[in-house]
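Contents: one structure, followed by commentary.
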Number of protein chains: 2
Amino acid sequence: MLASSTVENYLKAIHMGANGLRPGQRLLPMGQLAASLGVTPGTATTMAKTLADAGLAEYEPYAGVALTSQGERLAGLVLRRHRLVELFLVRVMGFGWDEVHDEAEHLEHVVSDRLIERIDEMLGHPEVDPHGDPIPNADGAIVTQPQDTLLTCPVGQPVVVTRVLDQNRAFLQFVETNQLKPGETIRVEGRDESADSVVVSGSSDRRLALGTRAASKLQVRAAG
Amino acid sequence: MLASSTVENYLKAIHMGANGLRPGQRLLPMGQLAASLGVTPGTATTMAKTLADAGLAEYEPYAGVALTSQGERLAGLVLRRHRLVELFLVRVMGFGWDEVHDEAEHLEHVVSDRLIERIDEMLGHPEVDPHGDPIPNADGAIVTQPQDTLLTCPVGQPVVVTRVLDQNRAFLQFVETNQLKPGETIRVEGRDESADSVVVSGSSDRRLALGTRAASKLQVRAAG
DNA sequence: CATATAGTTTTGAGCGGTCAAAAACAAGAA
DNA sequence: TTCTTGTTTTTGACCGCTCAAAACTATATG
Ligand SMILES: [Mn+2]
Ligand SMILES: [Mn+2]
Ligand SMILES: [Mn+2]
Ligand SMILES: [Mn+2]
């Protein structure tokens, strides 16, 4: 039952990397995995084999790596700890939503089951963390229905921000100062393909232009 | 600036081991250090040299190891994190005083300065942890005046338990069920050298005989 | 003083995780 | 089909931490 901090980080990276793959693509290329972990491709290859030997991943030479259901479960548990810790730090310890990621990155590997269930309870069994990321259940399972982003949602209709897909501090601060945090109601006023931009308005009627890169990081659902 | 979890554990072990040395003895023998860490003597020797090279310890072959003031400071910071975490788990998270040690043993290495200061603040800058162990300040300095134990305190006088010098769960539970936790007022009714025992009584007038081994683990101060 | 004993250091090795650089490969371009 | 390019794998090496077992003190005892 292999599970060092390093292994946990690889599992998380494979899980998250696989969610950024073009549809149809199942295996995460080693180069991508290596880049996301700040590690050499050769190192990632070695670890992919180790994970495969442990039954946590499926590794196909020159193609890439994917988690087995067992690996997926473990990754889910790490994510659960990470996200519950983030929410705990915000709600109980008074941290800002832009300063909890790094702390959680360390705590996720050492917090015991006992403590994490205590935190879960204290927070009232929350479903999402401060960034709107879903919190896996105690079995590591993640329930996640596909969502619109500011790029795909209907124009002119009010929508509620549900999730921010980028942990970068500067971006999170930008989102906060422009009242685009999860829970805020906004509206897409229009999109301009050639300008590569999306114009949104909030409650204060102030308009704001976002590049499509940024717009695609904000998930929303119909308001109401 | 060397400081892995392993190094932190060695620093703590040397610090604490040195506090159990017969007076006059300054250097902690490798065998003792190794035993307290559950490691081979050879391994401890290697690490002692590493610490010496880093300026954190002073190592004398065949004699033992002692912390430099820099090593003492780092050890103090680890102890500060450990003890603040323990108190936090008891006071905020509702854990029992007998179940926080192991959790703190892991958290002490990953909790950031920011988080630990937040915890310290939230707890009102406490001076001792749930076991009565003093909490070093933010510079790693420990203020600790010598204290009596049940073996050395005056007989017949009421005293207040201030500290329990053993983290063993069974012992902590024994202490709790017999109302000997820090804060409790008790009295030594008598000592019997040849029976190797100390008899104490609490508020409920019930008498309890402790072996000297156990009695020496309970620190007290004059009540009032 | 010689010797036995307990404690300590050294040596050689292994494991987990990593890198740099060389070799091998897949897939498209020519 | 052969070349070219970008990616991946392999190799050899290193660092941190550890152990087992052999070599070595220091000290006490006779
Ligand atoms: Mn995060
Ligand atoms: Mn998050
Ligand atoms: Mn403890
Ligand atoms: Mn304690």
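All figures in this text were calculated on a predicted structure; none of them were measured in a lab. Chain letters run A, B, ... following the sequence lines, proteins first and then strands; every chain starts at 1.
At a threshold of 4.5 Å between non-hydrogen side-chain atoms, the residues A/Leu218 and A/Val164 count as touching. For the pair A/Met47 and A/Val7, the minimum side-chain heavy-atom distance is below 4.5 Å. Between B/Val188 and B/Cys153 the shortest side-chain heavy-atom distance falls below 4.5 Å.
A salt bridge between A/Arg80 and A/Glu117 is present, with a side-chain N of the basic residue lying under 4.0 Å from a carboxylate O of the acidic one.
Across all strands shown, A/Gly64 has no heavy atoms under 4.0 Å from either base or sugar-phosphate atoms. At the heavy-atom level, B/Gly31 lies under 4.0 Å from the strands shown only through sugar-phosphate atoms. As judged by a 4.0 angstrom heavy-atom cut-off over every strand, A/Ser4 is placed among residues touching the sugar-phosphate backbone only.
Residue B/Glu108 forms a salt bridge (Lys or Arg N to Asp or Glu O under 4.0 Å) with just one option from B/Lys12, B/Arg83, B/Arg81, and that option is B/Lys12.
Residue whose closest nucleotide on DNA chain C sits further toward the 5' end, between A/Val7 and B/Thr46: B/Thr46.
Checked against C/dC19, C/dT9, C/dG17, the side chain of A/Thr6 finds its nearest nucleotide in C/dG17. When the nucleotides C/dT8, C/dT18, C/dT10 are ranked by their closest atom to the side chain of B/Lys49, C/dT10 comes out on top.
Contacts classified as ring pair (Phe, Tyr, Trp, His ring centres under 6.0 Å) and involving residues 95-118 of chain B (residues at least two apart or in different chains) are given here: B/His82-B/His101, B/Trp97-B/His131.
Using modelled atom types, no side-chain atom of A/Thr212 and backbone atom of A/Ala215 make a donor-acceptor pair closer than 3.5 Å. Between the side chain of B/Thr162 and the backbone N or O of B/Arg221, no donor-acceptor pair lies under 3.5 Å.
The distance from atom OH of B/Tyr59 to atom P of C/dG7 is 16 Å, rounded to the nearest whole Å. Between the P atom of C/dG17 and the NE2 atom of A/His109 lies a distance of 12 Å, rounded to the nearest Å. Regarding B/Met47, its CE atom lies at a distance of 15 Å from the P atom of C/dT9, rounded to whole Å. B/Glu60 places its CD atom 15 Å from the C1' atom of C/dG7, with the value rounded to the nearest Å. Taking atom CD on B/Gln32 and atom C1' on C/dA6, their separation rounds to 14 Å, with Å as the unit.
At least one side-chain nitrogen or oxygen of A/Thr40 sits closer than 4.0 Å to the OP1 or OP2 atom of C/dC19.
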Practice task
Decide side chain to side chain contact (heavy atoms under 4.5 Å, CB included) for B/Leu51 and B/Tyr59; before the verdict, give the C-alpha distance in whole Å, the side-chain angles of both, and the deciding distance to 0.1 Å.
Solution key: CA-CA 8 Å; B/Leu51 295 177; B/Tyr59 166 66; over 6 Å; no
Write out a two-atom table: protein N or O, nucleotide N or O from nucleotides 23-29 of chain C, distance below 3.5 Å.
from   : atom 1 : to      : atom 2 : distance (Å)
C/dC25 : O4'    : A/Tyr62 : OH     : 3.4

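Scanning DNA chain D 5' to 3' for nucleotides with an atom closer than 4.0 angstrom to a non-hydrogen atom of chain A gives a first and last hit of D/dT8 to D/dT10.
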